[in-house]
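Worksheet: one structure, shown below.
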Amino acid sequence: MGHTKSEFEALHAALDARARLRQWAEGAQVLDLLRAAAATGWLEALTRPVTVEHLAGIDGISTERARRVVEVFLAAGVVREAEAAAPAAFVLAEGFAALQAGPSGIRTDIALDAVGAAGDRVRSALSSSIRYDWREDALVVARDWGMLPSDASRALFGMAYAEVPDYRDRLAAGGPLLDVGSGVGGALLSTLTAYPALRAVGVERAGDVVKELRERAEDAGVDSRLEIRHTDAQELDDEAVYSVCYWAQAFFPQHTRETTLAAIRRALAPGGLLLVQELAPPADDLCSFLDALVADCRGVPPVVSAEDLAAELRTGGFTDVQVVPTPVGRLVLGRRGRGVPDQRRI
Ligand SMILES: C[S@@+](CC[C@H](N)C(=O)[O-])C[C@H]1O[C@@H](n2cnc3c(N)ncnc32)[C@H](O)[C@@H]1O
């Protein structure tokens, strides 16, 4: 045989690498199939038990092809076989049924748009000519985070507020609350509907996001207690007004953080409380590095730990800063001291 040991090893290594590449492709292909199923109406049809023949009839493909698609969705956990159905029928699995029905505001189309937008960022990562424009996918990102106000969302935020009783009591007493980086109002509208005496100001810089926030606030019946400001939070000029503030820090680019924090500190009344949340750290290294890359392409920092957030708040002049573990992740709470506010630093 003419081959050398190193050629043999190189062949093995190439086969290994190709197997990995194919493995990555599997997830992407399921996603493509899911997009196609959403576009053709399959996902809607699968909200009730349906046969493969019915699915095939939706877009005129063969029963054999429809069966193969269903096999993929079964193996991926997107659909399950309906119980006691004859002939055999299939229906969305529990999580995908909830995602498709979307009562929580967490919906298949929104989630697919959001992973698509993240993919666009990754594709542009090596291009020096593409500068990120935050307007491009602000609405997609805001929708992906913004759950609708409901008993379930109020229970979720309630689990967090239970661990910061001073903050919660101020919400219950009417605030006022300053919500910085409101998005489409996941936190803001759940909180306003949970505390009927609460008044709030929401600050959001993206016009299309503001429009959707206004619509959602009207739908939730809280618009009379909410003032929405379409502005960059760095431009806030309120002084010593708010009893509490929630800052969606994870979405604020590095170069805006110090000025935003200074504006929040000025806007809080002496003794006022600022609450921020640490985003959950990703499950593994690959996930973590991809998240960090997408964040970098968006100009925002990767996940900032609660300890680093605490340091950021202390540097920004907040006192009594504490990291608070809760069942829904770690929060960081800080207080605006009662001293004379800093000079403006813009
Ligand atoms: C995605 S939302 C976060 C989730 C939201 N708080 C909720 O609970 O649904 C964060 C928002 O902060 C906004 N944002 C980022 N930087 C901002 C700034 N400097 N001024 C105002 N809004 C900003 C983004 O446009 C984005 O819509």
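For ligands, and for the atoms within them, numbers begin at 1 and follow the listed sequence. Count residues from 1 along the sequence.
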Keeping Arg199 on the side-chain end and Pro176 on the backbone end, is there a donor-acceptor pair under 3.5 Å?
no

Under a 3.5 Å threshold, yes or no: a donor from one side chain and an acceptor from the other, between Glu53 and Thr63?
no

If you round to the nearest 0.5 Å, how far is CG of Leu43 from CZ of Phe73?
6.0 Å

Expected contact list for ligand 1 at under 4.0 angstrom, heavy-atom basis, is Ala142, Trp145, Gly146, Gly181, Ser182, Gly183, Gly185, Gly186, Ala187, Glu204, Arg205, Thr231, Asp232, Ala233, Ala248, Phe251, Phe252

Using only atom types and a distance under 3.5 Å, with no angle test, would you say the side chain of His230 pairs donor to acceptor with the backbone of Glu204?
no

Does Leu275 share a hydrophobic cluster with Leu177, counting links as ILVMFWY side-chain heavy atoms below 4.5 Å and allowing steps through other members?
yes

Between Val321 and Val332, which heavy-atom pair has the shortest distance, and what is it?
CG1-CG1, 3.8 Å

